[in-house]
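For ligands, and for the atoms within them, numbers begin at 1 and follow the listed sequence. The chain is numbered in sequence order, starting from 1. Keep in mind the model is a prediction, meaning the values are calculated, not measured.
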Amino acid sequence: MTELKNELIRHSASDLAAKLAAREVSAVEVTQAHLDRIADVDGQINAFLHVNTEEALAVAAEVDAARAAGGAAAGELHALAGVPIAVKDLIVTIGQPTTAGSKILEGWHSPYDATVVKKLRAAKMPILGKTNLDEFAMGSSTEHSAYGPTRNPWDLDRIPGGSGGGSAAAVAAFEAPLALGTDTGGSIRQPGAVTGTVGVKPTYGAVSRYGAIAMASSLDQIGPVSRTVLDAALLQEVIGGHDPFDSTSLTDPFDNLAAAARVGNVAGMKIGIIKELHGEGYQAGVENRFNESLQLLKDAGAEIVEVSCPNLKYALGAYYLIMPSEASSNLAKFDGVRYGLRALPKDAPMTIERVMGATRAAGFGDEVKRRIILGTYALSAGYYDAYYGSAQKVRTLIQRDFDAAFSKADVLISPTAPTTAFKLGEKANDPLAMYLNDVATIPANMAGIPGLSLPGGLADEDGLPVGVQLLAPARQDARLYRVGAVLEAILEEKWGGPLLAQAPELKTPALGAASNSAGGSN
Ligand code: GLN
């Protein structure tokens with residue numbers, strides 16, 4: 001049984017779906033294997049803030065019952081029915097707490113499900129639990145979580161990226177085959193890069209944001225976290241599509257994504273290297289793996305061209321005005337009256353303003369406060385045009401740069417992050433160094449275009465995963481999956497299997513001890 005469980009957690013979501021459909025394995029077995037893995041290793045990783053054992057097993061049992069009944073009940077099952085998934089704790093769920101990684105929401109339960117969660121439920125995908133994140137998705141390391149940092153399964157002394165480090169680490173540590181993340185400036189792709197997993201930020205509006213606690217509404221996007229490109233495509237098809245509850249939701253079907261991942265052909269495609277997004281400031285091992293991917297794509301028949309997006313040098317600066325401005329407005333609702341925590345002032349008078357002040361002082365962490373102050377200042381009368389207004393103009397320039405670049409190339413390519421995973425604590429007290437980690441991911445959010453990060457290999461100097469990022473024009477998410485799947489296949493052939501197979505084994509009671517007492521289901 002231990003053998004089977006260890007095998008089950010290592011399958012991709014698409015392989016699990018095939019095994020479930022063929023009734024080689026039950027959804028309860030698959031779900032239990034992942035719950036046991038969480039019990040075994042999450043004490044070291046801290047990817048999960050909440051584990052949803054009972055409900056996940058109940059949904060899995062429903063899938064098994066429908067399959068056993070056969071006929072219409074089995075026929076109506078979604079292809080991913082019974083494949084478990086983890087959900088970033090910024091996305092609201094009925095029946096489980098949602099904290100956004102903040103003390104201010106400790107103990108709060110949402111009265112409604114996010115649209116993406118409704119879609120997971122409709123597909124009968126068991127939800128394993130909620131994953132850790134930087135508070136209100138502000139950070140690149142998960143160290144700003146009020147519930148302790150998540151650790152990188154490749155090296156427990158290093159960060160798993162952020163803000164969605166919990167989702168990426170859960171998938172990299174085989175605690176879940178799939179997860180949902182949110183990406184405002186890179187929080188799906190950068191954790192993907194540093195944990196050796198796949199992460200996709202879809203086109204703005206391709207996936208409903210209804211029920212994702214808003215950070216910066218014009219930049220936020222929910223997207224898939226997985227171990228294979230095909231799995232990400234399958235998941236985006238589940239969660240995507242028009243939603244009347246999100247006024248920025250697109251009406252395009254986005255139903256050609258998995259098919260694109262299965263095509264596997266880049267012959268004749270033009271792939272553009274973004275001049276400004278590699279080279280100086282990027283770690284040598286990151287550059288080496290990036291250049292290797294370029295050569296492999298060329299060998300596979302793609303034409304490599306160089307493009308220039310000169311205004312990308314302003315992207316980070318503009319982002320750190322737009323994002324805090326929108327966040328300061330979005331976070332005004334956490335006032336001690338409507339949600340979660342209420343702290344009282346130490347002395348009289350007990351006015352509503354002072355209760356709000358005491359609640360926000362006690363409930364928000366330093367990084368969140370820093371951004372609220374910055375955003376409130378940037379939006380204040382007299383400064384609005386100079387800061388927020390100018391930053392929005394930069395955004396238009398970035399969009400034009402991308403338009404020009406896409407007239408020369410079908411997709412663009414860059415490293416996902418300038419470095420591999422840094423050590424916990426290394427940048428925690430240096431906000432600017434932390435912000436710089438997102439130089440390559442932020443431009444896609446500024447322009448609303450889709451981006452995919454996939455493992456590009458291990459850096460020579462530290463043996464840690466490097467991410468390669470692909471960008472496509474808005475609405476052309478399918479191109480990312482098509483090119484990503486080709487590069488993944490060539491790289492895996494070179495490595496002799498998935499990159500994560502090279503990750504060190506995590507110590508588990510079940511593997512380490514002679515007797516197997518963990519899990520209780522063996
Ligand atoms: N790391 C970036 C930030 O701190 C991006 C966050 C995100 O995408 N949610 O703002």
Side-chain angles (χ1 to χ4, degrees), residues 87-91 99-102 131-145 149-150 159-168 179-195 199-202 204 207 209 212-225 315-328 330-331 364-375 378 391 416-419 421-422 426-453 467 469:
V87 174
K88 187 178 185 182
D89 204 22
L90 193 68
I91 299 174
T99 66
S102 181
T131 57
N132 200 7
L133 67 155
D134 286 295
E135 185 175 6
F136 287 104
M138 297 179 186
S140 308
S141 69
T142 319
E143 292 167 289
H144 297 314
S145 167
T150 297
I159 60 107
S163 63
S167 283
L180 290 185
T182 67
D183 192 310
T184 303
S187 286
I188 292 176
R189 289 163 288 156
Q190 181 258 12
V194 301
T195 58
V200 180
K201 182 201 93 71
Y204 184 75
V207 177
R209 288 179 295 112
I213 295 176
M215 176 185 179
S217 312
S218 72
L219 302 163
D220 296 344
Q221 189 59 68
I222 294 175
V225 175
L316 195 72
Y319 172 84
Y320 275 98
L321 284 170
I322 294 172
M323 177 275 302
S325 297
E326 296 184 13
S328 76
N330 279 322
L331 267 55
F364 287 140
D366 289 349
E367 183 62 24
V368 173
K369 286 176 185 160
R370 182 161 28 241
R371 297 192 193 197
I372 291 174
I373 292 169
L374 195 65
T416 310
T419 68
F422 43 92
E426 195 179 313
K427 298 189 179 169
N429 299 316
D430 186 350
L432 288 183
M434 188 78 88
Y435 297 171
L436 275 170
N437 224 260
D438 303 315
V439 275
T441 46
I442 278 173
N445 303 76
M446 297 293 271
I449 62 173
L452 178 152
S453 177
Q469 173 177 244

For Y435, what residues pass the ring pair (Phe, Tyr, Trp, His ring centres under 6.0 Å) criterion, not counting sequence neighbours?
Y320
Side-chain donor-acceptor contact under 3.5 Å, T182 with D220
no
Within the 4.0 Å heavy-atom sphere of ligand 1, strictly under, residues
A137, M138, G139, S140, S163, D183, T184, G185, G186, S187, M215, Y319, Y320, R371, D438
Under a 4.5 Å cut-off applied to non-hydrogen side-chain atoms, are Y204 and Q221 in contact?
yes
side-chain hydrogen bond (donor to acceptor under 3.5 Å, both in side chains) partners of S325, counting only residues at least two apart:
none
My understanding is that only residues two or more places apart in sequence, or in another chain, count here; which of them pass side-chain hydrogen bond (donor to acceptor under 3.5 Å, both in side chains) with Q190?
N437
Close side-chain approach of M138 and H144, heavy atoms under 4.5 Å
no
